[in-house]
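The structure appears right after this line, and notes come after that.
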Amino acid sequence: MSGKLTVLVTGATGKQGGHLVRELLARGHAIRALTRKPESAGAAALAARGVTIVTGDFEDRGSLERAARGVDTVFAMSTPFESGATTETREGINIVRAASTVGISHLVYASVAGADRATGVPHFDSKFEVEKAIRQSGVPFTIVAPVFFMENFLADWLAAGMAKGSIAMALPATRRLQQIAVADIAQFTALVIERRESFFGKRIDIASDELTVATAAAAISETSGRHMEYTALPIDAVRQWNDDLARMFEWFDRVGYDADVVGLRWLYPEVAWHRFSNWAREQDWSARAVPATPV
């Protein structure tokens, strides 16, 4: 499709949805942002940039239908990390049913790479249940399935270790892991929205780069000027904290993502497709409380 589109974006105050909002605004499209808290600072910041704020709750189908009515595309995402995988599935199916009820002409669902491969990872399987509902709904759809976010290296769960000069995950240092920058997800998703006819009915795993986690730590060391060691955690240490994430890291080590990194770069050159080293150079590591030990 060409011209200005109206897109309903869920998760617009978060990382993935927020990057998509910025990308679509830069391309001249109109955005509705779904939020439970229209009075929040995040919603106010979006409104200041010209985004239409609509109040809605994933547990309230009526509010989802009102939010989606009259838009060209719905971008739907959900998360298990607030209320669990079962809730994620229920809420995801609610937005699918709302899109079907109002006759949405394109639903773009943010899943996760590998979710269609019977991984046994709860927050992968929860998204696949939504994918199945999408295919049964009759709504024209595209499923965008990103791999491990590069932005996870900025997450709070790594911050304490990084403050001591250590990046710790439950993976062998030599295990390669496909990763993607959130900005690349936004660019690719915007492409899907603008060229919908080319993507109808497709499920696409997307990744920007593939490297070992030890190489990622070395890249952060080089770009931050602070020495960072990679530490392979025992999987049981992760399981005691979060069984879902432990299963994910076990799957990473046993199977792993298999997005076509080379093919994506060739087919969609409009997307930045960050190398991890380039992404690392774009970050402000001084804000991460990394110890000032020279590399």
Side-chain angles (χ1 to χ4, degrees), residues 1-36 38 42-43 45-58 60-79 91-111 127 130-146 182-204 206 267-268 270-271:
M1 295 184 71
S2 58
K4 183 175 182 177
L5 301 173
T6 300
V7 183
L8 174 65
V9 177
T10 67
T13 58
K15 284 188 175 64
Q16 191 171 352
H19 273 77
L20 179 60
V21 167
R22 287 192 287 275
E23 184 66 30
L24 291 173
L25 286 175
R27 294 168 181 242
H29 301 299
I31 307 300
R32 289 185 195 173
L34 181 76
T35 179
R36 289 176 299 174
L46 290 173
R49 299 172 61 197
V51 173
T52 300
I53 305 300
V54 292
T55 304
D57 191 314
F58 278 103
D60 180 356
R61 281 258 310 273
S63 73
L64 298 177
E65 291 171 12
R66 289 190 294 273
R69 190 166 282 115
V71 304
D72 298 297
T73 303
V74 170
F75 170 76
M77 62 172 294
S78 52
T79 174
E91 292 181 348
I93 292 175
N94 281 344
I95 189 68
V96 173
R97 289 175 176 168
S100 178
T101 297
V102 303
I104 288 299
S105 57
H106 192 200
L107 172 65
V108 179
Y109 178 61
S111 185
K127 291 177 178 62
V130 179
E131 290 187 30
K132 288 190 283 189
I134 291 170
R135 293 183 182 278
Q136 294 165 1
S137 71
V139 176
F141 72 89
T142 309
I143 296 167
V144 177
V182 174
D184 297 352
I185 303 173
Q187 288 182 11
F188 183 79
T189 303
L191 197 67
V192 166
I193 290 169
E194 291 181 336
R195 302 182 188 174
R196 57 166 65 183
E197 292 85 359
S198 301
F199 293 98
F200 279 154
K202 292 185 178 180
R203 183 192 193 282
I204 306 172
I206 57 172
L267 287 170
Y268 310 108
E270 306 92 334
V271 178

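Computation of the quantities below employed the complete heavy-atom set of this structure, encompassing side-chain atoms and omitting hydrogens, waters and symmetry-equivalent molecules. What you see is a predicted model, and the numbers here were worked out from it, not measured in a lab.
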Check: Say you draw a straight line from CD1 of Ile93 to CD of Glu131; how long is it, rounded to the nearest 0.5 Å?
Finding: 11.5 Å
Next item on the list: Could you grab the distance from atom OG of Ser111 to atom CD1 of Ile134, nearest 0.5 Å is fine?
Entry: 8.0 Å
Note to self: Are Ile143 and Lys202 packed together at the side-chain level, in the sense that at least one heavy-atom pair is separated by less than 4.5 angstrom?
What the structure shows: no
Next item on the list: Of all the heavy-atom pairs spanning Ala43 and Pro38, show the shortest one and how long it is.
Entry: CB-O, 3.5 Å
Item checked: Distance-minimising heavy-atom pair for Leu20 and Ala190 -> CD1-N, 4.0 Å
Checklist line | For Ser78 against Gly92, the heavy-atom pair lying closest together | finding: OG-CA, 4.5 Å
Item checked: Thr142 versus His106, side-chain donor and acceptor atoms under 3.5 Å -> yes
Item checked: With Arg22 via salt bridge (charged side-chain N to carboxylate O under 4.0 Å, His left out) - residues at least two apart -> none
Margin query: Rounded at 0.5 Å granularity, tell me how far CZ in Phe188 sits from CD1 in Ile206.
Written below: 5.5 Å
Checklist line | Validation row, ring centre Tyr109 to ring centre Phe141 under 6.0 Å | finding: no
Item checked: Heavy-atom pair with the smallest gap, counting every atom of Ile104 and Ala68 -> CD1-O, 3.3 Å
Item checked: Under 3.5 Å donor-acceptor, Ser100 side chain and Val96 backbone -> no
Check: So which heavy atom on Leu191 is nearest to which on Tyr268, and how close?
Finding: CD2-CD2, 3.7 Å
Notebook entry, point to check: About how many Å separate OG1 of Thr52 and CG of Leu34, when rounded to the nearest 0.5 Å?
Noted result: 12.5 Å
Notebook entry, point to check: For Arg27, which residues count as a salt bridge (charged side-chain N to carboxylate O under 4.0 Å, His left out) partner, sequence neighbours excluded?
Noted result: Glu23, Glu194
Next item on the list: Taking only Lys NZ, Arg NE, NH1 and NH2, and the carboxylate oxygens of Asp or Glu, determine whether Glu65 and Arg61 approach each other closer than 4.0 Å.
Entry: yes
Checklist line | His29 side chain to Leu25 backbone, donor-acceptor under 3.5 Å | finding: no
Next item on the list: Taking the side chain as every heavy atom from C-beta outward, state whether Val144 and Met77 have any pair of such atoms under 4.5 Å apart.
Entry: no
Notebook entry, point to check: Under 4.5 Å between any side-chain heavy atoms of Val71 and Val7, yes or no?
Noted result: no
Check: Will you find, in the side chains of Arg196 and Thr73, an N or O donor that is under 3.5 Å from an N or O acceptor?
Finding: yes
Margin query: Measuring from atom OG1 of Thr10 to atom CD of Glu91, what distance do you get when rounded to the nearest 0.5 angstrom?
Written below: 10.5 Å
Note to self: As an exercise, state the distance from CD1 of Ile31 to CG of Leu24, rounded to the nearest 0.5 Å.
What the structure shows: 4.5 Å
Checklist line | Heavy-atom side-chain contact between Val54 and Leu8 under 4.5 Å | finding: yes
Next item on the list: Check step by step if side chain to side chain contact (heavy atoms under 4.5 Å, CB included) holds for Gln16 and Ile185.
Entry: CA-CA 8 Å; Gln16 191 171 352; Ile185 303 173; 3.7 Å; yes
Note to self: Please give me the minimum heavy-atom distance between Gly201 and Arg135, naming the atom from each residue.
What the structure shows: O-NH1, 4.2 Å
